[in-house]
**Student:** 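Provided herewith is a single structure, encoded as structure tokens, for subsequent inquiry.
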Amino acid sequence: MRLFNTLSRQQEDFVPLRDNTVRMYTCGLTVYARGHIGNFRTFVCVDVLRRALKYVAGYKMHHVMNFTDVDDKTIVGAAKANMPLREYTDQYITAFREDAAALGIEPVEDTPRATDDANLKAMADMINALEQRGHTYKSDGSIYFKIATLPSYGKLARLDHEGIQAGARVDSDEYDKESARDFVLWKSTKPGEPTWDVGCGPGRPGWHIECSAMALRLLGESPIDIHTGGVDLVFPHHENEIAQSEGATGKEFSRFWFHCEHLLVDNQKMSKSLGNFYTVQDVLDKGFRLSALRYILLSGYYRKQLNFTWTGLEQAEEALRRITDFLGRVEALTAGGTHPEVNARVKEAVDAFDAALKDDLNTAAGLGAIFDLIRALNILMDGKQVGRGDAPEIISAFNHFDRVLGVLSLRRAEDATPPIPQAEIDAAIHARQEARRRRDFGEADRIRQDLLARGVILEDGPQGTRWKRK
RNA sequence: GGCGCCGUCGCCAAGUGGUAAGGCAGAGGUCUGCAAAACCUCCAUCCCCGGUUCAAAUCCGGGCGGCGCCUCCA
């Protein structure tokens, strides 16, 4: 598997360090609000990475994705809502899980949250280790990381140190730092704020320490294999994670850094602070399906910005329809027999698909291989060159594609819940058949129109009438 | 101001030295009671200008345009 590594700014061959198991960490959501589809672009891309590592490269996964459930925004939000912090963040964790499931994101092995006792303890341990190695200083009860003690600082972001200007950084907590570049590891308690005393004084964790501590606690000894997140995390978050982890252990933190580019709206970054975001629910409210959303999110290269448009969703919807219609056609095959030509085409497509995914997740090329196969097999079906006996092989190839893309199963699940009760559809199809037999096409068309208006499309074929969701 | 990414058909998007994948939309045709679906055919020389090369969308230089990071952020 070739993967672009932000650390080297190059594609590299990826192989897990130990036990054929990929130890991967993903920076998850800060749970002060519902995630938007820009957030989910990253999580869908990471999901495709995870699935490609499992189902194409054949590795086992130990994948951790955290929830940041304590920071300025969660604290302020909980106070405003007059709720305990934990209860406040619970809502958004639940919402995230719902949205993630609805988008076909595979559950990962561990989903720690920062305020779990074991994690807070791990943070304190790491801070103490940093203290022993002389990387910290205290000021007003807070503990800071002293960047000057780590010469390699900046290796990920490759930022000019002088470019990080003193005073430019708006630290809402207004603690005293020796240098603008230094960052807080543990924040001293302020009145009315939640506080923990787990071994490095009363206070609460800084943003970066949780990921370093949880990654190493759950994934084991450094280095872990892959660390992922959105590009905006490269600096300062990931740079600081490296500083903490490598400062504390003296060993490389993560071998690969995988970053997803942003989702744009109107060619601008989609973000909560700009207010130009859509949620999963917004997409549903507009009448689109989440399979289409997932399709559009994974159809381009993950390292390229993706401009989100409703037109794009419509196009994704149609593209997906082409695939599912094809599969419907395969499932409806009646003539017997198998054909070597089918076998050859399928093998070709699977190889091309796997090669594309192994090439730094070239999903666009992978989809190209799928559509090439669809065209080839449609031509063969038209020429009666595909039989019932070929179907299992074709279907198993598409199951393989979808283990990685995770979009067809989503579509099927959507289709499995018809907008009208199944019995009603069947009755309408039957009534329409009767009308057609009488050559009462006015009535037949009326029935079809009626179903269409209620979200069901009818298609007449040689084997009778099929229905599908609009 | 510093660092980085990007600019391929109406829209989306692969390809990164050997003569432009794929999807959507569009046009014509086959099929159909009509549709739909499906199939066939058609539909770009790659932002501009120079340069390197037998050969460039692909490499180099210079423009123009867009975006991101440098501050919470997926």
Side-chain angles (χ1 to χ4, degrees), chain A residues 6 9 26-30 32 35-46 68 71-73 154 157-165 167-172 180 207 228-237 239 259-264 267-274 277 295-296 299-301 303-307 309 311-323 325-326 328-329 352 356 359 362-375 377-383 435-436 439-442 444-445 448-449 452 457-462 465-466 468:
Chain A
T6 307
R9 306 286 155 104
T26 297
C27 287
L29 202 63
T30 300
Y32 71 97
H36 55 65
I37 60 176
N39 298 111
F40 281 105
R41 184 203 182 178
T42 296
F43 299 126
V44 165
C45 288
V46 168
T68 297
D71 79 321
D72 293 348
K73 285 173 178 165
R158 300 190 182 182
L159 280 179
D160 176 7
H161 288 185
E162 306 313 312
I164 306 168
Q165 294 168 16
R169 183 191 170 104
V170 181
D171 187 339
S172 55
W207 176 32
T228 81
V231 275
D232 50 1
L233 296 185
V234 171
F235 189 87
H237 187 52
E239 192 66 60
H259 290 107
C260 300
E261 253 299 349
H262 286 306
L263 189 66
L264 311 180
N267 287 305
Q268 274 209 311
K269 176 179 169 178
M270 180 179 287
S271 78
K272 288 171 187 159
S273 45
L274 290 172
F277 62 88
Y295 183 95
I296 203 172
S299 61
Y301 187 35
R303 296 212 308 123
K304 239 176 118 174
Q305 294 169 338
L306 175 63
N307 192 36
T309 62
T311 310
L313 259 190
E314 281 163 24
Q315 294 180 356
E317 190 85 56
E318 290 310 314
L320 212 39
R321 187 181 299 268
R322 180 165 158 82
I323 302 176
D325 283 342
F326 163 80
R329 200 177 173 196
D359 182 19
N362 191 341
T363 45
L367 287 168
I370 292 175
F371 285 109
D372 283 341
L373 178 63
I374 289 174
R375 161 162 302 143
L377 293 180
N378 269 328
I379 292 171
L380 291 174
M381 280 194 273
D382 278 2
R436 293 179 75 202
R439 303 194 66 78
D440 181 356
F441 297 121
D445 288 350
R448 188 170 59 200
Q449 275 306 315
L452 181 63
I457 298 171
L458 294 189
E459 285 176 7
D460 301 323
T465 300
R466 287 194 296 152
K468 63 188 185 188

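Chain letters run A, B, ... following the sequence lines, proteins first, then strands; residues in each count from 1.
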**Student:** Is there a Watson-Crick or G-U wobble partner for B:rC5 with both distances under 3.5 Å, and if so, which one is it?
**Tutor:**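 When the pairing criteria are applied, B:rG66 turns out to be the nucleotide that pairs with B:rC5.
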**Student:** Look at the side chain of A:Arg436 and decide which nucleotide, out of B:rC34, B:rC72, B:rA74, has an atom nearest to it.
**Tutor:**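 Given the options B:rC34, B:rC72, B:rA74, the side chain of A:Arg436 is closest to B:rC34.
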**Student:** Please report the distance, rounded to the nearest Å, between CE in A:Met270 and C1' in B:rG68.
**Tutor:**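 Distance, rounded to whole Å: 15 Å.
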**Student:** Please measure how far the C1' atom in B:rU8 lies from the corresponding atom in B:rA14, and state the result in whole Å.
**Tutor:**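 10 Å, rounded to whole Å.
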**Student:** Is there a side-chain contact between A:Leu264 and A:Leu306, using heavy atoms and a 4.5 Å cut-off?
**Tutor:**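 They are not in side-chain contact.
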**Student:** Measure from the side-chain N and O atoms of A:Asn362 to the backbone N and O of A:Ala365, and report whether any donor-acceptor pair falls under 3.5 Å.
**Tutor:**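 Yes, A:Asn362 side chain to A:Ala365 backbone: donor-acceptor pair under 3.5 Å.
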**Student:** I need a per-nucleotide contact map over nucleotides 10-18 of chain B, read 5' to 3'. Cutoff is protein heavy atoms under 4.0 Å; write B for the base, S for backbone only, - otherwise.
**Tutor:** -BSSSS---
**Student:** Whole-Å distance between B:rC39 P and A:Arg322 CZ?
**Tutor:**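 The answer, rounded to whole Å, is 5 Å.
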**Student:** What's the spacing between A:Leu367 CG and A:Ile323 CD1 if we round to 0.5 Å?
**Tutor:**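 Spacing of CG (A:Leu367) from CD1 (A:Ile323) equals 6.5 Å.
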**Student:** Short of 4.0 Å, heavy atom to strand atom, which residues of residues 366-375 of chain A count as contacting RNA chain B?
**Tutor:**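 The answer is A:Gly368, A:Phe371, A:Asp372, A:Arg375.
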**Student:** Look through every strand shown and name the nucleotide pairing with B:rA38 as Watson-Crick or G-U wobble, where both distances are under 3.5 Å.
**Tutor:**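 Partner of B:rA38: B:rU30.
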**Student:** Please give, in whole Å, the distance from B:rG68 P to A:Arg158 CZ?
**Tutor:**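 The distance from CZ of A:Arg158 to P of B:rG68 comes to 22 Å, rounded to the nearest Å.
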**Student:** Starting from P on B:rC67, measure out to CG on A:Asn267 and report it in whole angstrom.
**Tutor:**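 After rounding, the gap between these two atoms is 7 Å.
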**Student:** Take atom C1' in B:rG7 and the same atom in B:rA57, then report the distance between them in whole Å.
**Tutor:**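 Looking at atom C1' only, B:rG7 and B:rA57 are 11 Å apart.
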**Student:** Rounded to whole Å, please give me the gap between CG in A:Leu264 and P in B:rC6.
**Tutor:**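 In whole Å, B:rC6 P lies 14 Å from A:Leu264 CG.
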**Student:** Taking the side chain as every heavy atom from C-beta outward, state whether A:Asp460 and A:Arg448 have any pair of such atoms under 4.5 Å apart.
**Tutor:**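 The answer is yes; the side chains approach within 4.5 Å.
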**Student:** Just compare B:rC24, B:rA36, B:rG33 and give me whichever is closest to any side-chain atom of A:Ile457.
**Tutor:**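 Of B:rC24, B:rA36, B:rG33, B:rA36 is nearest to the side chain of A:Ile457.
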**Student:** Can you check the A:Asp445 CG to B:rA36 P distance for me, whole Å?
**Tutor:**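 After rounding, the reported distance stands at 12 Å.
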**Student:** Can you check the A:Asp232 CG to B:rA74 P distance for me, whole Å?
**Tutor:**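 Going from CG in A:Asp232 over to P in B:rA74 covers 6 Å.
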**Student:** C1' atom, B:rC59 versus B:rC46: distance in rounded Å?
**Tutor:**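 It comes out at 16 Å once rounded to the nearest Å.
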**Student:** If we take the P atom in both B:rC47 and B:rA25, what is their distance in whole Å?
**Tutor:**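 It comes out at 26 Å once rounded to the nearest Å.
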**Student:** Hunt down the Watson-Crick or G-U wobble partner of B:rG10, both distances under 3.5 Å, from any strand shown, or write none.
**Tutor:**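 For B:rG10, the partner nucleotide comes out as B:rC24, under the 3.5 Å rule.
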**Student:** Tell me the partner of B:rG50, counting only Watson-Crick (N1-N3 plus N6-O4 or O6-N4) or G-U wobble (N1-O2 and O6-N3) with both under 3.5 Å; none if nothing fits.
**Tutor:**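 Paired with B:rC60.
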**Student:** Tell me, do A:Asn39 and A:Lys272 make a side-chain contact under 4.5 Å, heavy atoms counted?
**Tutor:**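 Counting from C-beta outward, A:Asn39 and A:Lys272 do come under 4.5 Å.
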**Student:** Using the P atom on both, measure B:rC6 against B:rA74 and round to a whole Å.
**Tutor:**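 It works out to 24 Å between them.
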**Student:** Under 3.5 Å, is there an N or O donor on one side and an acceptor on the other linking the side chain of A:Arg448 and the base of B:rC34?
**Tutor:**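 When only heavy-atom distances are counted, A:Arg448 does reach the base of B:rC34 through a donor-acceptor pair under 3.5 Å.
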**Student:** Flag the pair A:Arg321 / A:Lys468 as yes when at least one side-chain heavy-atom distance between them is below 4.5 Å, and no otherwise.
**Tutor:**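 Counting from C-beta outward, A:Arg321 and A:Lys468 do come under 4.5 Å.
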**Student:** Measure from the side chain of A:His36, starting at C-beta and using heavy atoms only, and say which of B:rA74, B:rC34, B:rG23 lies closest.
**Tutor:**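 For A:His36, the side-chain atoms sit closest to B:rA74.
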**Student:** Rounded to the nearest angstrom, tell me the gap between atom NE2 in A:His262 and atom P in B:rG4.
**Tutor:**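 Atom-to-atom, A:His262 to B:rG4, this comes out as 17 Å.
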**Student:** With respect to the side chain of A:Phe441, which nucleotide from B:rC72, B:rA74, B:rG33 is positioned closest?
**Tutor:**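 Side chain of A:Phe441 sits closest to B:rG33.
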**Student:** Suppose we define a pair by two distances each less than 3.5 Å, Watson-Crick or G-U wobble; what does B:rG17 pair with here?
**Tutor:**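 Paired with no nucleotide.
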**Student:** Where the side chain of A:Phe235 is defined as all heavy atoms beyond and including C-beta, which of B:rG23, B:rA35, B:rC69 is the nearest nucleotide?
**Tutor:**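 From the listed options, B:rC69 comes nearest.
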**Student:** For B:rA44, give its Watson-Crick or G-U wobble partner with both distances under 3.5 Å, or none.
**Tutor:**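 The answer is none; no pair meets the criterion.
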**Student:** Looking only at heavy atoms, which two atoms of A:Asn307 and A:Asn267 are closest? And how far apart?
**Tutor:**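 Smallest interatomic distance, heavy atoms only, reads OD1-N, 3.0 Å.
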**Student:** For A:Cys260 and A:Val46, which heavy atoms make the closest approach, and how far apart are they?
**Tutor:**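 So the two residues come closest at SG-CG2, 4.3 Å.
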**Student:** Strictly below 4.0 Å, N to O, side chains only: are A:Arg466 and A:Glu459 in salt-bridge contact?
**Tutor:**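 Salt bridge present between A:Arg466 and A:Glu459.
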**Student:** Can you tell if the side chain of A:Phe43 reaches within under 4.5 Å of the side chain of A:Leu29, non-hydrogen atoms only?
**Tutor:**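 Yes; the side chains approach each other to less than 4.5 Å.
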**Student:** So which atom in A:Ala435 and which in A:Ala444 form the shortest heavy-atom distance, rounded to 0.1 Å?
**Tutor:**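 Closest approach of A:Ala435 to A:Ala444, heavy atoms only: CB-N, 4.0 Å.
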